[in-house]
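One structure is given below, encoded as structure tokens.
The figures that follow rest on heavy atoms only: side chains count, while hydrogens, waters and symmetry mates do not.
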Amino acid sequence: KKNMKTKDTYLVLGSTGFIGTNLVNHLLAQKIPVVSFARSSSPFPKQVNHIAGDFQNKALYKKLLLTKPTVIVCLIGISGQLYTDMHMDESFVVNVQSYVHFLNAVIRYAPNAKVIFLSSRLEYGKPQYLPVNEDHMRKPLSTYGMHKMLVSDYLQFLYRKCGLQTVVLCTSNPYGPHPEQKKSHYNVINYFIDQSIKGRDIVVYGRGNQQRDYVYIGDYIDAIERVAKTKKTDVKEYNIVG
């Protein structure tokens with residue numbers, strides 16, 4: 001008998017945010033089994049196994065991992081450079097400490113899963129050259145970037161120590177289909193799109209000469225799927241740009 005390839009089951013942490021919602025809906029369209037996890041209730045159809053809870057609650061990790069995911073996409077956490085700089089202790093507990101506890105649980109309950117961690121360009125700090133590639137030195141200048149780097153490094157440690165399949169994707173400013181965004185603090189491109197649709201002025205502070213990378217959400221999801229499918233991506237860190 002020929003061996004039948006086992007279909008992936010995705011566990012999406014932080015499933016109700018902008019990236020998570022688009023990812024879960026894409027997986028549903030592909031008829032890929034998905035378990036979603038977030039603080040909020042499920043915005044998805046009934047076929048999604050949604051678990052609501054606080055990521056700091058270690059008692060939930062076993063329940064999540066006993067769903068037998070083959071791919072774990074880590075989107076959950078406190079976002080925003082300004083907020084995390086102002087709330088460093090809170091950011092450390094959620095964005096670093098909780099991930100360490102969760103990843104240790106992965107080693108115990110789902111050691112064969114592939115962990116995809118969504119990091120940030122802020123790991124690099126001030127660019128020393130352009131374009132910034134994966135060999136660029138990492139010297140974060142923000143709490144958010146530092147905490148992302150700590151988790152990225154811990155994933156590499158677990159690969160060396162335990163053989164955990166891991167990959168890190170660094171990106172900035174994804175945009176695309178989304179519910180109306182009320183605030184401009186995060187995801188400025190989506191906010192600008194909403195303002196434009198309403199016929200409102202788009203306000204740019206300063207001289208407007210800042211340079212940023214932007215990536216369409218569909219391309220971002222394609223990158224997640226691609227790195228999930230091959231072991232060649234293990235313990236690698238990739239910059240995802242448009």
Does the side chain of [X] reach to within under 4.5 Å of the side chain of [Y], using non-hydrogen atoms?
| X | Y | answer |
| --- | --- | --- |
| T171 | N239 | no |
| I240 | Y220 | yes |
| I107 | L103 | no |
| C74 | I116 | no |
| V115 | L158 | no |
| R121 | C170 | no |
| K148 | N95 | no |
| V73 | L13 | no |

Are the side chain of [X] and the backbone N or O of [Y] linked by a donor-acceptor pair below 3.5 Å?
| X | Y | result |
| --- | --- | --- |
| N22 | P177 | yes |
| D234 | Q165 | no |
| S98 | V93 | yes |
| N57 | A59 | yes |

Between [Y] and [X], is there a side-chain donor-acceptor contact under 3.5 Å, judged purely by atom types and distance?
| X | Y | answer |
| --- | --- | --- |
| E225 | H26 | yes |
| T9 | T70 | no |
| D85 | T143 | yes |
| N104 | Y154 | yes |
| Q156 | T166 | no |
| K114 | T233 | yes |

| Pair Y61 and F102, ring centroids less than 6.0 Å apart | yes

| field | Proximity of Y83 and Y144 rings by center, below 6.0 Å | value | no

| query | Any idea how Y99 and F117 line up, ring-wise: parallel (<30°), tilted (30 to 60°), or perpendicular (>60°)? | reply | perpendicular

| message | For residues I51 and F55: do they belong to one hydrophobic cluster (side chain heavy atoms under 4.5 Å, members Ile, Leu, Val, Met, Phe, Trp, Tyr)? | response | yes

| message | Evaluate E237 against S119 for side-chain hydrogen bond (donor to acceptor under 3.5 Å, both in side chains), listing each step before the verdict. | response | CA-CA 9 Å; E237 186 161 330; S119 188; 5.2 Å; no

| query | Pick from H136, K139, R138: which one makes a side-chain contact (heavy atoms from CB on, under 4.5 Å) with E123? | reply | R138

